Structure formats: C-alpha cells, structure tokens
Protein chains: 2
Amino acid sequence: MENIQPFHSYKNPSLAVDLVVFGYKERTLSVLLLNRKEEPFKDCWTLPGAFLQMEERFRDTCSRVLSTKLGMNDVYLEQLYSFDEPDRDPRGRAIAVAYYALVNPSQVAVSAGHMANDVQWFDIKKLPELGFDHAIIFEQALKRLQAKILYFPVGFELLDDLFTMTELHDLYECILDLPLDRRNFRRKILDAEYIIATGKKREGLQNRHPELYKFNKKLKENSFQLNIS
Amino acid sequence: MENIQPFHSYKNPSLAVDLVVFGYKERTLSVLLLNRKEEPFKDCWTLPGAFLQMEERFRDTCSRVLSTKLGMNDVYLEQLYSFDEPDRDPRGRAIAVAYYALVNPSQVAVSAGHMANDVQWFDIKKLPELGFDHAIIFEQALKRLQAKILYFPVGFELLDDLFTMTELHDLYECILDLPLDRRNFRRKILDAEYIIATGKKREGLQNRHPELYKFNKKLKENSFQLNIS
DNA sequence: TCAAAAGTGTTGCGATTACACCCATGC
DNA sequence: GCATGGGTGTAATCGCAACACTTTTGA
C-alpha cells in the first residue's frame, strides 16, 4: 500500500478491559471481586480489569489480568459489551470493553490467603455494592450467561473435566435460578450430545456411584434449545 | 471525591465507530456503503464510520455520521461488537466499536444523486468486496439482525409507520432468507401483539385493499418466539 | 368475469411436560 | 436393612406446521 499516513495524534479516551469472572463451587455461582486500595472507590469492591496496552488485543489484556493478578490460565472468555458513559470513571474519559470469564475455582490459585484480602469470590446472590458502573456490567454478564447456557454448551468450563449428571444439573439450576426437572434435563442434555459417558463412576460416596461424563468437544452443529421445565 | 489523579497520558489506540446501516425497500434488504476517496482502501467500498471524539458517546458518534454524512435522524441503533485486530487498519492501531442501524430508505435523503457516487445502497445479496475488516462486521450484523427479529419487534424500523401484513411478512422472509407460512406468520405476529390494526386500508391497488397496521409501541414483555415454519 | 392478492380455521403430529418407582451403595 | 441419591419410561398435553378456499377489488 502507498500514500498511507499514520493517524494524527488524536486524543483518544483511555481503553480498559473489565472482567466478570464467574466461578462455580459447592452449588454456588460466584464472581471474583477486587477490593481497591486506591481512589477512586478506595475500599470498594470492583471487577478486575486493566488498561489496554498498545499492540495488545482485548483477549491478551484479559489473559494478562487473569494470569498475572489471579493466577489463572486457559480460561473461557467472551466479549460482552462496551461501556462508554463519559463519567463512568472519575479520573477521566475511559471506555471499558467488558468480557466475562468462566473458571473452575478448584483449579485456580486464588484463595483467601493469596493476594491477601484484596480478592475474593462472592456468591452472586450476596454481592456487595460495586464501584464504577460495575453493577451494571455484572448484571449484563449474568443475563448473557443465562441466555447462552440455553443454546450453547458453556457450563462445562465451570466444572471439572469429569462430572456427574447431577453436578451438571445443579449447575444449570444455579445459573438459571430455576428448578429443572431431573429426568427431562438428562434426556435433553444427552439427546443434544453435549456430553459423553465415560464408563467411570464417582466412588467413595455413601450411595450409588454415579456415572462420570465428559464434555463432547466435537459436537454437532445441531441447534439445540434447552427449554426449561 | 478526593485524591483522584487524572489518567496519565497513556498512549491509547484510536477509537472509531463503524456502522452497518440496513435499509429495506422493494423486497430487498440493503446496506449503505461508502466508496473511499483516500488511502487506505481508496476506491473500495466500506462501511460508514467516524472516530470517536473526546466527550462523545458511541451513539453520538453514530448519530453524527448518520445525520451529517447521510442526512438521517432518529435512527434505531444497537451496539454489535468491538473489533480489535491490531492490523485491521493499516494506518495504525484502531479499535472499532460496531453498531448497526435500521432505517427506512424512503424517508431518507440519501439518493443516487446526493453525495455523488460516494454512497450507495447495496442489496445484501450482491455486495462488493469490502475494505478493512468490514465484511466480517457486516456478517455479524446480519446474523444479529436475523436472530433479533425472532424475539424482538425490530423490523418496524425498516417500514413506514403504516404497513400491510404482507409487507411485514415479506420483510421477515427477506431478512431471514427463508419462506414463511403466510397464515402462521399472521397468527403469531398478531398473538404477540406486536402490531395493531388501524382500520384503514391501503387503496389504489388493483385488488383487494389490505388492512394497514401500525407497530404496538407499548407491547407486553411476553417472551415471544417466532419459530420459522 | 377474470386476475391478483388478502383474509380466514382446522387437523395431525411431534415435542415437551409432568410424574413415581426401582436400583446401587455404604454404613 | 435402611437411608441416600442415581437411574429410568410413559401418558397427556400443548404448540406448531401444514394446508385450500373464499373474498375483495380494478381492469
């Protein structure tokens, strides 16, 4: 290409990525929050995030936050929406591109001890007040996850590689905040071929050993609709 | 608030808005494209867009493009996605926040004569090659529109205030690129109370005068699913 | 009276829901 | 043998798809 002039030094808004990190453990859907040590919103809980560096893609920024600050790698990420209220950050004009992430808390280093009292999982039903416009971002992320799980197998990112049907069922009930018929759920999930029985059983329980399933990674493009019952 | 320091002068990527403007006329869904007069992609067709100005919100930038460049006001706008490939613009790092717009071409000043040969409606089935990553953006916009129209009454933005059932039916067939049963379509649209019969008839036709409908602006929150037949 | 498009109901099928009993295991 | 959760099938209902004839109008 010829005659291409680089951009003039326009003044551009700051560009940040904010992350809604969902985790699921013990029948509870949680979000990871950071307690800020600096103004603005000092001592408030907020979503983790970072400014975009030149040459960095959104996903890279997300990964940087997740691995550097939170010790997580290989995380499911999806872009949510971009937020542009002029006063959303009191320090100046800042655009936020929000992503949500699904992680398995039991495979992740973030514990109550690590990174002190800065970072913590919160049950999504017991969230503290959030700084910036992060409450809005969180609400959108939750709605997106609830919608997505009905037509795309995304919940597996929150579970161990092997899981029982009951664990998957509980996860769906928890995300959708609705009771789902156990038998109908099983049939739909199996019909859609989202998961594969491994033949292995979970052992050491006081009762019948349930089958262990794994996610079917090469699933067909059958447009699946998990209607709630 | 106290002790709040403004942002340092971080170097930030350029931030632009790109617009997929859909119009519907004569049973054809079209997109508005601009023929660039400057490098890069000189003489190529591209989506309209503009750089975000400080203090401007995405929607403001969209409205600025639509009214200034295209003479359109009061347009339906929805944010689509944000694009961040580092080399999507050869002039330098540029983030694009894509929106799509729905307009009624017959109520809009953009004609073949106006703005010369710069700007033109293209049948979405006969698109030229597009500059930048605009083909990808367009594809996403079309998919979003196709999905949205099934659960939200968004098509009315493309029609006149008063329209016949057949016109609405044709619009849906055209957007979805599928034949829809006429009677089932009528029933579903009416059951969902998306539209209201006005009692008026379209006259001057060679055959039976069809009822004119208008969009029901205060529609219930009934979760509607227009299954295709 | 003819052509062209608008208006209108019903039936059959497939999908979904609702629902209860037996099974395996550890204690 | 008992308590606990896992596994399984069917009948009834609902929603959707398929489908054809009559009506209105202008020419």
Side-chain angles (χ1 to χ4, degrees), chain A residues 26-28 149-151 155 159-160 162-174 176 178-214 220 222-229, chain B residues 26-28 147 149-151 155 159-160 162-174 176-214 220 222-229:
Chain A
E26 289 157 19
R27 298 188 178 213
T28 306
I149 207 173
L150 295 181
Y151 69 90
L159 299 174
D160 292 333
L162 297 181
F163 48 87
T164 67
M165 186 64 77
T166 301
E167 285 162 3
L168 188 62
H169 175 247
D170 288 346
L171 171 65
Y172 272 71
E173 285 196 336
C174 181
L176 297 172
L178 278 173
L180 300 175
D181 183 272
R182 200 160 60 90
R183 279 165 295 185
N184 294 338
F185 178 81
R186 164 186 293 268
R187 181 165 356 97
K188 283 179 217 170
I189 290 286
L190 289 175
D191 286 354
E193 297 180 64
Y194 276 19
I195 62 178
I196 302 170
T198 62
K200 296 175 197 156
K201 310 278 176 190
R202 170 145 301 162
E203 301 191 8
L205 302 173
Q206 286 188 332
N207 38 30
R208 184 166 177 170
H209 295 172
E211 177 82 31
L212 285 168
Y213 294 88
K214 63 180 179 182
K220 317 184 230 178
N222 50 354
S223 68
F224 169 85
Q225 186 76 21
L226 182 76
N227 289 301
I228 54 186
S229 79
Chain B
E26 289 157 21
R27 297 188 180 214
T28 306
I149 208 173
L150 295 180
Y151 69 89
L159 298 174
D160 292 334
L162 297 182
F163 49 88
T164 66
M165 186 63 78
T166 301
E167 286 163 2
L168 187 62
H169 176 245
D170 287 346
L171 171 65
Y172 271 71
E173 285 196 334
C174 181
L176 296 172
D177 196 21
L178 278 173
L180 300 176
D181 183 90
R182 201 161 57 90
R183 279 165 294 186
N184 293 340
F185 178 82
R186 163 185 292 268
R187 179 165 1 95
K188 283 178 218 172
I189 291 286
L190 289 174
D191 286 354
E193 296 180 65
Y194 277 18
I195 62 178
I196 302 170
T198 62
K200 296 175 197 156
K201 310 277 176 190
R202 170 145 302 160
E203 300 189 8
L205 302 173
Q206 286 188 333
N207 37 31
R208 183 166 178 171
H209 294 171
E211 177 82 28
L212 285 168
Y213 295 88
K214 63 180 181 182
K220 317 186 228 174
N222 51 355
S223 69
F224 169 86
Q225 185 76 21
L226 181 77
N227 287 302
I228 54 184
S229 78

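From a predicted model like this one, the values you see are computed outputs, not experimental measurements. Residue numbering restarts at 1 for every chain, and letters A, B, ... go by the order of the sequence lines.
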[X] side-chain proximity, nearest of [options]:
X	options	result
Arg182(B)	dG9(D), dC19(D), dG7(C)	dG7(C)
Arg186(B)	dG7(D), dG26(C), dT8(C)	dT8(C)
Gln206(A)	dG7(D), dA17(D), dC27(C)	dC27(C)
Lys188(B)	dA27(D), dA17(D), dG9(D)	dA17(D)
Thr166(A)	dA27(D), dT17(C), dG6(D)	dG6(D)
Asn207(A)	dT4(D), dT8(C), dA4(C)	dT4(D)

[X] [atom1] to [N] [atom2]: how many Å, rounded?
X	N	atom1	atom2	value
His169(B)	dA5(C)	NE2	C1'	13 Å
Arg183(A)	dG5(D)	CZ	C1'	14 Å
Arg202(A)	dT4(D)	CZ	C1'	16 Å
Ile189(A)	dT16(C)	CD1	C1'	15 Å
Leu168(B)	dA6(C)	CG	P	13 Å
Lys201(B)	dG26(D)	NZ	P	13 Å
Leu180(B)	dC19(D)	CG	P	15 Å
Phe163(A)	dG6(D)	CZ	P	15 Å

Problem - 5′-ward residue of the pair Glu203(A)/Arg187(B) relative to DNA chain C - result: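 Per heavy-atom nearest nucleotide, the more 5' residue is Arg187(B).
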Handout entry: Side-chain touch Met165(B)/Ile195(B), heavy atoms, less than 4.5 angstrom
Key = yes
Handout entry: Pairwise side-chain contact, Tyr213(B) with Leu159(B), heavy-atom cut-off 4.5 Å (strictly under)
Key = no
Does the [X] side chain pair with the main chain of [Y], one donor and one acceptor, at a distance under 3.5 Å?
X	Y	value
Glu211(A)	Gly199(A)	yes
Asp181(A)	Arg183(A)	yes
Thr28(A)	Glu26(A)	yes

Completion exercise
Comparing Leu205(B) with Arg208(B), nearest DNA chain D nucleotide closer to 5' gives the residue Arg208(B)
Exercise for the section: Would you please confirm or rule out a distance under 4.0 Å between OP1 or OP2 of dG5(D) and any side-chain N or O of His209(A)? Expected result: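 It does not, given that no N or O in the side chain of His209(A) lies less than 4.0 Å from OP1 or OP2 of dG5(D).
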